[in-house]
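Inspection log for the structure reproduced underneath, given as structure tokens.
No experiment lies behind these values; they were computed from the predicted model shown. Just so you know, ligand 1 is whichever comes first in the structure, and atom 1 is the first atom listed for that ligand. Residue numbers count from 1 along this sequence.
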Amino acid sequence: MADTEFTPRVFSGIQPSGGLTLGNYLGAMKRFVDMQEAGGFQTIYCMVDLHAITVWQNPSDLKKNTRELCAGFIAAGIDPEKSILFNQSQVPEHAQLGWLFNCVARMGWMGRMTQWKDKAGKNAENASLGLFAYPALMAADILVYHATHVPVGEDQKQHLELTRDIAAKFNHDFGVEFFPIAEPVIEGAATRVMSLKDGTKKMSKSDPADASRINMTDDADAISKKIRKAKTDPDPLPDSLKELDARPEARNLINIYAALAEIEPQAVLDQHQGALFGHFKMALSDLAVAKLAPISTEMARLMQDQAEIDHILGRGAERAREIAAPILAQAYDIVGMVRS
Ligand code: TRP
């Protein structure tokens with residue numbers, strides 16, 4: 001069968017399960033903005049509320065977190081005109097294609113997902129069926145748009161491989177070239193943000209210590225305080241990255257500086273080698289406040305206007321459905337569903 005040409009299209013999703021950190025900004029949102037601005041791609045970004053409820057979510061928190069995530073996307077630079085920005089549950093085609101994929105994916109494939117094994121743990125009997133099926137719905141999110149590129153973190157690589165397996169099996173079983181084999185776009189090490197208190201642990205919204213993270217909602221004061229109090233060591237900055245291998249906290253601050261300034265980590269050392277952390281932290285704090293405080297200010301402003309956020313999500317869902325509905329209809333037809 002002739003190779004099918006697919007429109008270059010980016011899809012990615014973030015769960016509205018509350019608490020956005022600098023890690024979400026640098027590791028996901030900022031990269032999403034870059035892809036939006038790069039041209040050459042249609043970009044589609046989704047608040048995956050159906051994924052969030054695979055574990056318990058308080059209903060009013062879920063609504064608030066979905067709107068806050070939308071505000072975060074926009075404040076970070078996602079333009080709801082340039083990109084399609086919406087929440088998953090307003091586009092029923094995700095769940096519909098997800099069902100077809102539940103019938104394509106094999107129990108054995110799903111049971112091998114490390115995230116399932118980690119999250120269900122020893123108590124798999126009591127995990128939701130949705131948590132087990134989670135990666136098939138994720139495949140549907142991507143493939144219902146025939147997306148070709150998927151920016152995700154390292155932890156989602158296995159789910160992307162499963163998405164490719166599902167697309168290939170569907171194509172093979174029905175003798176079609178219908179779904180693309182989507183490419184993961186994995187984040188580089190420099191955008192992996194670690195805890196400000198332990199450079200070997202990922203910065204996390206669930207760390208009990210708020211000082212371990214910068215939240216996207218933190219104001220200028222909080223940002224600069226947290227950076228000044230971040231764990232470091234007494235040595236000056238070296239001239240090569242190699243010398244930071246055994247200094248994870250130092251390496252993390254260099255990475256954060258590089259990502260915010262949009263330069264290479266080595267270039268940060270070129271500028272600051274020999275400096276002590278007291279000094280470097282002041283430079284980092286100035287930079288972080290300049291880049292991040294406008295985002296939290298804009299988020300706070302948007303959160304005052306729920307009607308505006310809901311309008312944006314509704315409009316995004318309409319645009320998403322224009323792409324998803326005909327693809328779902330073709331998939332139903334391929335599978336043998338009668339449309340009358
Ligand atoms: N599983 C992803 C995460 O937790 C979120 C997600 C859901 C996603 N559907 C997606 C990411 C589709 C990329 C594409 O980070």
Pairwise, report which nitrogen or oxygen atoms of ligand 1 are under 3.5 angstrom from protein nitrogen or oxygen atoms, and how far apart they are.
{"from": "ligand 1", "atom 1": "1 (N)", "to": "Y134", "atom 2": "OH", "distance (Å)": "2.6"}
{"from": "ligand 1", "atom 1": "1 (N)", "to": "Q156", "atom 2": "OE1", "distance (Å)": "2.9"}
{"from": "ligand 1", "atom 1": "4 (O)", "to": "Q15", "atom 2": "NE2", "distance (Å)": "3.4"}
{"from": "ligand 1", "atom 1": "4 (O)", "to": "Y134", "atom 2": "OH", "distance (Å)": "3.1"}
{"from": "ligand 1", "atom 1": "9 (N)", "to": "D141", "atom 2": "OD2", "distance (Å)": "2.7"}

Would you say M47 and L137 are hydrophobically clustered, going by side-chain heavy atoms of ILVMFWY under 4.5 Å? no
Using the rule side chain to side chain contact (heavy atoms under 4.5 Å, CB included), only one of L287, L196, I227 pairs with I256; which is it? L196
Which residue in the set M203, K226, K197, K231 passes side chain to side chain contact (heavy atoms under 4.5 Å, CB included) when paired with S212? K197
Check this for me: does any side-chain nitrogen of one of [X] and [Y] sit under 4.0 Å from a carboxylate oxygen of the other?
X    : Y    : value
K169 : D165 : no
K82  : E37  : yes
D333 : R339 : no

